[in-house]
Amino acid sequence: MIVTKFGGSSVASSEQFKKVKHIIESNPDRQIVISSAVGKKNSEDNKVTDLLYLLFAHIQYSVSFEHLYKVLVEKFVNIKEELGLTYDIEAELEKLYKELKKGISQDYLVSRGEYLTSLLMAEYLGFAFVDAKDVIRFSYNGKLDMEESERAIRQKYAQYGKMVIPGFYGALPDGSVRVMSRGGSDITGSIVAKALDAEVYENWTDVSGILMADPRIIDNPKWIEVITYSELRELSYMGANVLHEDAIFPVKEANIPIMIKNTNAPDDPGTKIVDIVENEPKSQKITGISGKRDFTVFTMYRHNSSNEIGILRKALEVFEKYNVSVEHVPSGIDNFSIVVATSSIERCMYDIASELKQVCQTDSIKITGNISLIAVVGRNMASQCGMSGRVFKTLGDHDINIRMIAQGSDEINIIVGVENEDFKKAIQVIYNEFS
Ligand code: ASP
C-alpha cells in the first residue's frame, strides 16, 4: 500500500484535481491521500492557507474580512462546479462564516484550508473522508502522540480502506484543532505512512525531484536519483527546500522510502529518499551542493588558547545568553572562531564582542561579516581520499579564497566558508567539477 501526499499546487484547481485522480487511478496501491490546502494556480494567485492567516489578522484588528471570505468561497465553489461535485461545500463555508463572526481560534481557521480541500478531493476520488482531528493526536504539550495517532489511523484504515485525510493539523486531547508548522502536510503524510507501514510514501509536488543545486545558480542542474535521509537533512539545512524537515523522522524510523514526484509530470522518475543505499559502487560523485549567505565569524585570539580548558565553554555561554545559535567552531592553536548567522546577532553584535573579550580574556577579537557557507554533500565522500582536496583545489584554481573549512564527523559533508561575493561562483565551479 502506498501513502500519497499532494501539495498545494497539486490541488490548486479543477485541472490539478484531475491530474491527482489520474495518478491515484493509475496504481491501485495508492490508497491513502493526504491533501494540502488549495494552493497557487499561478504566481499572481494566493494560497488558501495564506488567505486564512490574513483573514485571522483582519478579525484580530476588527477590519472587515468579507472580500477575503469571498475569494475563499470562489476558490472552493469553482472547483466543485467545474468537477460536477455534489458535496454541500457552500454549507461548510456558511458555517465557517458564522464561526468567523462569533470568534474563532487561529489554528482552527487556518486548518479549514486542508479540511475543505480534502472534502472535495474525497468525493472526487470516491474515497472516504477522514478528519485529521480524529487521527492525528497531540498531547497537551503540543507534541505528537504517535501511539494514539497510529492506533486511530489503523482503525480508520481497517474501517474504510481508501481515504483522504487533510494534512497540516490534528487535535489536542480536548478535541480542539492544532496546526503544525507551515508545510506540515508533509509530516502528516509521514505519520500516516509509518502507522500503516506503507511500502512507500509518495510526496507529490510541482518539481520532478530534488536537484543537485539551486537552479537559480546553476542552469539546468541534474536531478538526484537517490539520496539518503541524512544527506537530505544536510542539504535542506543549508538551503535546499523540498520537504518539511520533520517529515523525515516517522518514515525513517520505519525504514519507509520517500519518493518525491511531480504531479505535472508523473512519468518523470523523481527522487527516492532512503536510509541506506544498498550495493552502491563507490564513486567520486557528490550528491548535491547547497549554501547560505550572510554568516558572521567571531575570531578570538589568545596565546595557547587550544590548551586552555574551559575557554570554548565560556565563549559559547555568551552566545547562549544572547540566544544565538552557533553553526561552527573552527579552531587553531592561538585562536578559535565561532560562526553564527548574521541575522541572529544584528542587534547584539557589540554586546557579544565585549563580553567575549571579558570572559575569554582575549588578546584581540576580529569580527568578519559577509561570509557564505557552502555544503558539499555526498554519502560516497566518507572514507574516500581526495574528495575534499578536489573541492579546495577547484576553489583555489578559480581564485576563490576559502575563509573556513568544516567537516561533519560522519564525513557526508564538507563545509567551506567563502566571501558572500564568491558565493555563486563557488557553487558553480564545484558543481562543474563534480557533475
Ligand atoms: N497548507 C499549509 C501551508 O501552506 C500546510 C501544507 O501545505 O503543508 O503551510
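In listed order, ligands and their atoms are each counted from 1.
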Is the gap between the ring centers of Tyr115 and Phe129 under 6.0 Å?
yes
Given a heavy-atom cut-off of 4.0 Å, could you list the residues near ligand 1 in chain and number order?
Ser36, Lys47, Thr49, Glu114, Phe168, Arg182, Gly183, Gly184, Ser185
May I have the list of side-chain donor-acceptor pairs in residues 323-330 shorter than 3.5 Å, sequence neighbours left out?
{"residue": "Glu327", "atom": "OE1", "partner": "Tyr237", "partner atom": "OH", "Å": "2.9"}
{"residue": "Glu327", "atom": "OE2", "partner": "Tyr237", "partner atom": "OH", "Å": "2.9"}

Salt bridge present between Lys321 and Glu317 (N-O < 4.0 angstrom):
no
So, are Lys5 and Glu202 salt-bridged, with charged N and O less than 4.0 Å apart?
no
Would you call Glu90 and Lys80 a salt bridge, taking side-chain N to carboxylate O under 4.0 Å as the test?
yes
Compute the centroid of each ring, for Phe298 and then for Phe319, and state whether the two points are separated by less than 6.0 Å.
yes
